There are 2 protein chains.
Amino acid sequence: MSSLEFEPPKYARVVLELRRRIENGDYPPGSLLPSESQLVREFAVGRTTVVRALQMLQQDGWITREHGRGSFVKGRPGPAGVRASRRGLALLDRPETQPGVTVVDVGQVDAPAEVAALLGLDGGSRVLARRALTVRDEIASDLVTCWFPPELVYGTDLDQPGPLPVGLRDHLRTVKDLRVDHISERLTARLPTAGEARLLQIKKSEPVLVMVAGMHDASDVVRFVAEVVMPGSLHELEDVYSVPD
Amino acid sequence: MSSLEFEPPKYARVVLELRRRIENGDYPPGSLLPSESQLVREFAVGRTTVVRALQMLQQDGWITREHGRGSFVKGRPGPAGVRASRRGLALLDRPETQPGVTVVDVGQVDAPAEVAALLGLDGGSRVLARRALTVRDEIASDLVTCWFPPELVYGTDLDQPGPLPVGLRDHLRTVKDLRVDHISERLTARLPTAGEARLLQIKKSEPVLVMVAGMHDASDVVRFVAEVVMPGSLHELEDVYSVPD
DNA sequence: CACACGTACTCGTCCGGACAAGCGGACGGG
DNA sequence: CCCGTCCGCTTGTCCGGACGAGTACGTGTG
């Protein structure tokens with residue numbers, strides 16, 4: 001037995017290696033890639049595997065394939081599809097044991113109006129609030145609050161004051177079989193509350209960027225809500241996208 | 001001879017048919033798709049073909065596949081890729097003759113530090129600033145400023161005080177053969193300047209959302225810069241995206 | 001009752017082979 | 001010289017089979 005090592009699939013090996021050579025300059029943009037049969041010999045795999053790897057590279061924009069001619073290098077794919085914002089998604093996978101993250105508060109509270117509206121609850125319903133502060137380079141960079149309705153908390157570790165060792169997505173999927181299907185984010189600017197100013201160590205007159213994210217299941221129902229409060233002066237939200245046409 | 005008909009590949013037939021059934025409601029969201037071997041029998045194709053079709057559907061977000069369990073319907077792929085933000089892109093195509101838009105100022109100014117940095121100019125270089133205010137339902141909703149370096153303005157109508165009848169993208173493409181390849185956006189929150197507060201009709205203590213967009217050509221060079229200033233209380237920026245598996 | 005185990009079914013990966021179709025250069029007839 | 005044919009190369013599609021691993025469920029044992 002043994003061999004605890006995780007063995008990556010062969011097509012992934014081919015993809016990684018070819019991508020490395022393109023980034024490396026071994027296969028400059030415009031050049032012709034080795035033919036499928038050459039790659040079959042070099043990597044000692046079946047043609048199925050080589051074709052699969054090449055199709056993945058094509059899908060991601062690294063190469064173009066031309067019937068009867070060969071595969072040509074396009075170069076490192078542009079920033080298309082890379083979305084830098086999407087804080088909500090990053091949130092889902094971030095364990096609270098990550099360095100710089102501190103769980104500052106966990107407990108039942110009255111749901112704020114906006115949160116109650118998103119969750120479809122009456123104003124003032126009791127929900128579990130879980131709040132964590134992130135400090136980067138000695139500077140408080142954001143304050144994340146998640147609100148969970150009671151039925152979602154039952155059977156989970158969400159109401160435990162200690163940091164969660166796995167991301168929210170993993171935890172809710174394994175414990176409650178809940179899958180987050182899509183996320184709706186809304187962005188605003190406002191002045192911080194007294195508590196936010198204190199935790200983030202900013203003045204009460206310094207604006208904050210606030211992102212509220214609704215976490216939807218496949219039925220479009222919001223299962224829980226996350227809010228990220230960031231000092232507005234640290235321009236945190238960036239996004240790059242390619243222009244169609 | 002004859003048989004001029006274009007024969008689509010079999011995997012495409014499978015993809016189209018399964019997609020049709022999902023859209024049709026035959027396979028509602030959350031339901032279990034027929035297993036691969038069932039599909040092999042139904043469509044009378046090899047498993048390679050079925051797997052390929054299912055992988056394409058997964059790639060496009062129609063289904064999720066779970067090892068040992070089956071393939072599950074996610075539904076018509078959501079607004080993935082369509083981002084509600086991307087104000088910068090909307091800006092490029094919006095003619096200034098649109099109702100509610102007023103050109104409030106056009107003229108040479110010293111480039112603000114951030115703009116100069118993006119354009120690769122020395123601080124204090126002279127650039128053309130073009131500023132337009134958008135009013136919706138009697139309420140000032142945003143203030144857009146575009147900065148153009150002098151060599152870009154030459155030969156265009158950008159320095160004319162009247163509203164441009166076509167979008168910036170069209171104008172720059174036809175007149176200067178300039179194509180915007182991609183856009184980088186940066187979002188911050190701050191207090192408005194005196195002028196911004198006056199134009200937007202807000203108090204000087206009310207935070208604003210500010211988006212600065214660099215318009216890049218294919219060589220990644222920033223050709224001009226746009227800034228959108230919005231009252232923070234009108235939560236304007238929304239985004240919905242699906243969560244990858 | 002709780003738990004380990006076996007079994008049937010699922011998807012993930014991979015193989016070697018096969019045929020079709022597009023491309024490009026060599027070759028030969030006009 | 002031009003042009004059509006042929007041939008060797010390429011990619012596109014497809015097959016049937018194989019093995020591994022993950023899941024669900026029933027069954028038997030303690």
Side-chain angles (χ1 to χ4, degrees), chain A residues 1-18 22 27 30-74 170 173-179, chain B residues 1-18 22 27 30-74 244-245:
Chain A
M1 6 267 83
S2 73
S3 126
L4 276 279
E5 334 141 25
F6 170 63
E7 188 94 22
K10 294 191 183 179
Y11 68 84
R13 252 193 357 122
V14 178
V15 166
L16 262 340
E17 174 60 18
L18 292 180
I22 293 175
Y27 298 152
S31 66
L32 185 60
L33 234 55
S35 76
E36 293 176 358
S37 55
Q38 282 177 302
L39 293 173
V40 164
R41 283 194 293 276
E42 174 181 348
F43 288 98
V45 295
R47 190 164 90 102
T48 313
T49 307
V50 166
V51 168
R52 188 171 176 179
L54 291 175
Q55 279 174 339
M56 295 178 78
L57 287 171
Q58 181 178 40
Q59 176 90 29
D60 294 343
W62 289 82
I63 64 173
T64 61
R65 313 190 65 202
E66 296 184 28
H67 194 162
R69 305 223 305 140
S71 299
F72 297 85
V73 178
K74 285 179 69 175
D170 260 351
R173 189 165 51 80
T174 56
V175 177
K176 301 282 282 189
D177 196 39
L178 167 64
R179 283 157 218 274
Chain B
M1 18 261 81
S2 74
S3 127
L4 278 273
E5 333 139 24
F6 169 63
E7 188 93 23
K10 294 191 184 180
Y11 68 85
R13 250 191 1 117
V14 179
V15 166
L16 261 341
E17 174 59 18
L18 292 179
I22 293 174
Y27 298 152
S31 65
L32 185 60
L33 233 56
S35 76
E36 294 177 357
S37 55
Q38 282 176 302
L39 293 173
V40 164
R41 282 193 295 275
E42 174 182 347
F43 288 98
V45 295
R47 192 163 90 100
T48 312
T49 308
V50 167
V51 167
R52 187 171 175 180
L54 291 176
Q55 280 174 339
M56 295 179 78
L57 287 171
Q58 180 179 39
Q59 174 90 28
D60 294 343
W62 289 83
I63 65 174
T64 63
R65 313 190 67 204
E66 296 186 28
H67 194 163
R69 303 223 307 144
S71 299
F72 296 85
V73 178
K74 286 181 70 174
D245 300 320

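Every chain is numbered from 1 and lettered A, B, ... according to where its sequence line falls, protein lines coming before strand lines. Predicted, not measured: the structure shown is a model, and the values here were computed from it.
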Please enumerate all residues that pass side-chain contact (heavy atoms from CB on, under 4.5 Å) together with [X], with sequence neighbours excluded.
X	answer
B:T48	none
A:Q59	B:Q59
B:V14	B:L18, B:F43, B:A53
A:S37	A:S35, A:R41

- Here DNA chain D, pairs taken as Watson-Crick or G-U under 3.5 Å and shown with ( ), [ ] when crossing and | when to another strand, reads ||||||||||||||||||||||||||||||
- First and last nucleotide of DNA chain C in contact with chain A, 5' to 3', at under 4.0 Å to a heavy atom: what are they?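 Counting from the 5' end, contacts occupy C:dT13 to C:dG24.
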- Query: Tell me, which pairs form a side chain to side chain donor-acceptor pair (under 3.5 Å) where one or both residues lie in residues 60-69 of chain A, sequence neighbours left out?
  - Reply: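 Checked against side chain to side chain donor-acceptor pair (under 3.5 Å) - neighbours excluded - the pairs reaching residues 60-69 of chain A are A:E36-A:R65, A:R65-A:S71, A:E66-A:R69.
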- Item | Distance, rounded to the nearest Å, where A:M56 contributes CE and D:dG12 contributes C1' |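 After rounding, the reported distance stands at 18 Å.
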- Quickly work out the B:F72 CZ to D:dT23 P distance and round it to whole Å.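 It is 11 Å, rounded to the nearest whole Å.
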Which atoms of nucleotides 7-11 of chain D (N or O only) lie under 3.5 Å from a protein N or O atom, and what are those distances?
{"from": "D:dT10", "atom 1": "OP1", "to": "A:S35", "atom 2": "OG", "distance (Å)": "3.0"}
{"from": "D:dT11", "atom 1": "OP2", "to": "A:E36", "atom 2": "N", "distance (Å)": "2.9"}
{"from": "D:dT11", "atom 1": "O2", "to": "A:H67", "atom 2": "NE2", "distance (Å)": "2.9"}

- Task: Kindly indicate whether the side chain of B:R52, heavy atoms from C-beta on, has any atom under 4.5 Å from the side chain of B:K10.
- Result: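 Not in contact.
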- If we only count heavy atoms from C-beta on, is the B:L32 to B:V73 side-chain gap below 4.5 Å?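 Not in contact.
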- Message: Base, sugar-phosphate or nothing for B:T49? Non-hydrogen atoms, less than 4.0 Å.
- Response: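 If one applies the 4.0 Å heavy-atom cut-off, B:T49 turns out to touch the sugar-phosphate alone, with no base involved.
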- Task: Tell me, with the steps shown, if B:K74 and B:I63 meet side-chain contact (heavy atoms from CB on, under 4.5 Å).
- Result: CA-CA 5 Å; B:K74 286 181 70 174; B:I63 65 174; 5.6 Å; no
- Message: Pair A:Y27, A:L33 - check side-chain contact (heavy atoms from CB on, under 4.5 Å), show working.
- Response: CA-CA 7 Å; A:Y27 298 152; A:L33 234 55; 3.6 Å; yes
- Message: Quick check on D:dT13: is either OP1 or OP2 less than 4.0 Å from any side-chain nitrogen or oxygen of B:Y11?
- Response: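 Yes, such a contact exists.
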- Excluding sequence neighbours, so at least two apart, what forms side chain to side chain donor-acceptor pair (under 3.5 Å) with B:E17?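 Checked B:E17 against side chain to side chain donor-acceptor pair (under 3.5 Å); matches are B:R20, B:R21.
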